[in-house]
Amino acid sequence: MILEGIEMLADADSLFEKRVVQLNSRPVDGGGDCIVYWMQRSQRAYGNLALKYAAGVANHLQKPLLVYFGLYDRYPMGSARAFRFMLEGLKETAAALGEHGVGFVFRREQPWVGVVSLAEQVRACAVVVDEDYLKTGRVWRSSAAERLRMRCVQVDADTIVPARNTPKEEWGAYTLRPKILKVLQDYLIDIPDTWPQRPFEAHVDSWRDITCEDPAALASSLDVEQKVAPVEWARGGHSKAVSRLNSFIDNKLPDYAQERNEIGVDCTSGLSPYLHFGQISPLEAALAVSGSDAPDESVDAFLEQLIVRRELAINFCLYNDKYDSLDGAPQWARETLERHRSDPRPEVYSLQELERAQTHDELWNAAQTELVSAGRIHGYMRMLWAKKLLEWSESPEDALARALFLNDKYALDGRDPNGYANIAWCIYGKHDRPFPSRPVFGRIRYMSTAAAKRKMRWQDYVSRVQKLNKNPLKSLHGADQNR
DNA sequence: ATCGGCTCGCGCAA
DNA sequence: TGCGCGAAGCCGAT
């Protein structure tokens with residue numbers, strides 16, 4: 001029996017319009033036993049459109065729902081820091097799914113292989129997967145979809161306005177913004193969760209080989225960079241994301257418009273690790289912020305970051321395969337960087353000097369120290385940080401490679417579209433316009449440490465970072481000398 | 001303290 | 001085809 005339940009759901013429910021992509025042309029196996037949702041990026045039980053879609057299909061076919069997560073610890077630049085955060089989130093997610101009658105299978109394996117064997121084992125009718133907008137995950141999904149003997153569909157579950165609402169790569173924020181604002185009110189609505197009517201009752205114990213009951217122990221046992229240690233300021237999980245969101249709204253949002261660029265105080269939300277691992281839905285955050293009584297100016301400034309800039313980054317990665325290469329640069333930027341390729345660099349640091357925050361520039365060193373010890377950099381400082389990498393590297397290619405390496409290695413939100421777009425903006429003018437030419441940078445927008453110091457209470461930033469670092473980082477000085 | 005110029009190309013209006 | 005405008009830039013002039 002072949003059922004078209006998946007198409008019916010996508011057509012009937014406008015919530016899924018432009019979000020669903022069919023990854024293979026195999027039939028939905030109506031004679032199967034369950035629906036499998038392969039959780040990849042959207043690692044949450046609430047506000048998850050991929051989960052909602054899978055539950056809708058399950059209910060349509062009157063089958064139970066099983067969530068699969070494959071833990072792949074050979075992920076490039078994996079660290080104990082990132083894994084513990086992720087596992088803390090998965091522990092909460094597994095518990096929440098269980099309360100709603102959804103099975104959860106957690107295995108340590110290559111997920112794109114594991115999902116295929118699990119789908120056979122549990123006789124899946126169809127497989128639903130969420131979308132991470134990046135190349136690696138795209139390859140994983142298409143490789144699995146090719147081998148699956150049943151229908152596999154992908155759901156864009158981590159945008160507010162669907163990424164495919166715009167069908168091509170955008171030139172800049174100013175081209176995407178009006179397209180988003182035009183339809184935004186239709187998307188800023190509460191979407192109730194859907195749970196399967198039939199609980200998953202089969203024994204899942206025999207299908208899993210690990211548990212996420214003890215995230216710290218599991219993270220420390222993995223074959224990943226253990227010297228990049230977990231951080232204490234951000235523990236993973238949807239509940240932690242929600243309390244961080246609420247305290248941000250109460251304490252920082254009112255001043256966000258004025259203070260977000262003042263590095264002397266930390267007025268940022270700190271939500272990006274949670275958004276990166278899909279531990280909170282961007283819609284949940286946007287609704288909470290727009291419903292707050294903070295000044296409109298602040299609400300708008302935050303929604304600009306959360307929606308316009310974040311979805312511009314997703315648009316970049318989705319439509320431009322070269323998002324992690326200089327080839328992703330606009331023509332004018334490539335030309336200007338080429339023209340200035342052999343300009344003398346006043347300072348060139350080795351990767352090791354950079355990684356250890358040993359430059360002549362104490363403000364830059366503070367940003368690098370914040371990255372290594374906290375797994376984040378203040379938004380404004382991150383721009384200056386990457387701009388200086390362009391100035392202090394032998395070539396733009398080196399600068400880009402070092403920025404991506406350091407960000408992916410240490411940041412809790414590494415390997416995210418936001419990071420790729422940010423670094424591309426800084427180093428090769430992506431989504432930016434040209435500026436008067438200067439050495440090394442050419443027409444790429446320049447930023448100076450001196451100006452930052454003039455404008456901001458930079459000593460407050462430096463001393464805040466020093467406090468972070470008072471428990472001197474093993475990871476700072478014992479940093480791996482790889483590469 | 002504020003302002004314009006720098007410089008390119010998209011995308012809309014005409 | 002013309003024209004407004006853009007992530008947070010810098011710099012010099014008023």
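Labels below follow one simple rule: chain letters A, B, ... track the order of the sequence lines, proteins then strands, and each chain is numbered from 1.
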Any ion pair linking [Y] and [X] (charged N to carboxylate O, less than 4.0 Å)?
| X | Y | result |
| --- | --- | --- |
| A/Glu131 | A/Arg164 | yes |
| A/Arg84 | A/Glu232 | yes |
| A/Asp132 | A/Arg141 | yes |

Tell me whether the side-chain N/O atoms of [X] come closer than 4.0 Å to OP1 or OP2 in [N].
| X | N | answer |
| --- | --- | --- |
| A/Lys455 | C/dA8 | no |
| A/Lys168 | B/dG11 | yes |
| A/Arg443 | B/dT7 | no |
| A/Arg438 | C/dC10 | no |
| A/Arg433 | B/dC6 | no |

Provide the distance between the two [atom1] atoms, one in [N] and one in [M], to the nearest whole Å.
| N | M | atom1 | result |
| --- | --- | --- | --- |
| C/dA7 | B/dC12 | P | 16 Å |
| C/dA8 | B/dG11 | C1' | 24 Å |
| B/dT7 | C/dG12 | P | 15 Å |
| C/dC10 | B/dG9 | P | 23 Å |

Original post:
Does atom CG of A/Asp186 have more than 12 heavy-atom neighbours from other groups under 6.0 Å away?
Top reply: yes

Subject >> Polar side-chain contact A/Asn261-C/dA8 base: donor and acceptor under 3.5 Å >> reply: yes

Subject >> Any N/O donor-acceptor pair, A/Tyr174 side-chain to C/dG4 base, under 3.5 Å >> reply: no

**OP:** Compute both the distance and the angle, then confirm whether A/Lys430 meets the cation-pi test with A/Trp425: under 6.0 Å from the six-membered ring centre, within 45 degrees of the axis.
**Re:** no

How many Å lie between [atom1] on [X] and [atom2] on [N], as a whole number?
| X | N | atom1 | atom2 | value |
| --- | --- | --- | --- | --- |
| A/His378 | C/dA7 | NE2 | P | 19 Å |
| A/Trp385 | C/dG9 | CH2 | C1' | 19 Å |
| A/Ile423 | C/dA7 | CD1 | C1' | 16 Å |
| A/Lys179 | B/dG11 | NZ | P | 6 Å |
| A/Met447 | C/dC11 | CE | P | 12 Å |
| A/Trp171 | C/dA7 | CH2 | P | 13 Å |
| A/Met456 | C/dA8 | CE | C1' | 9 Å |
| A/Gln331 | B/dC10 | CD | P | 11 Å |

Original post:
For the salt bridge (charged side-chain N to carboxylate O under 4.0 Å, His left out) test, which of A/Arg402, A/Arg341, A/Arg334 pairs with A/Glu397?
Top reply: A/Arg341

Original post:
Which of these passes salt bridge (charged side-chain N to carboxylate O under 4.0 Å, His left out) with A/Asp416: A/Arg310, A/Arg376, A/Arg41?
Top reply: A/Arg41

Candidates [options] - which lies nearest the side chain of [X]:
| X | options | result |
| --- | --- | --- |
| A/Pro436 | B/dG9, C/dG9, B/dG11 | C/dG9 |
| A/Arg445 | B/dT7, C/dG9, B/dG9 | C/dG9 |
| A/Ala451 | C/dC10, B/dC6, C/dA7 | C/dC10 |
| A/Ala173 | C/dA7, C/dC10, B/dG11 | C/dA7 |

Subject >> A/Gln279 side-chain N/O to A/Gly237 backbone N/O, donor-acceptor pair under 3.5 Å >> reply: yes

Under 4.0 Å, heavy atoms only, any strand: does [X] hit a base, just the sugar-phosphate, or nothing?
| X | value |
| --- | --- |
| A/Gln305 | base |
| A/Arg382 | nothing |
| A/Tyr446 | sugar-phosphate |

Original post:
How does DNA chain C read in dot-bracket, base by base from 5' to 3', with Watson-Crick or G-U pairs under 3.5 Å and | used when the partner is on another strand?
Top reply: ||||||..||||||

Subject >> Residue pair A/Glu262 / A/Tyr380, side-chain donor-acceptor N/O under 3.5 Å >> reply: no

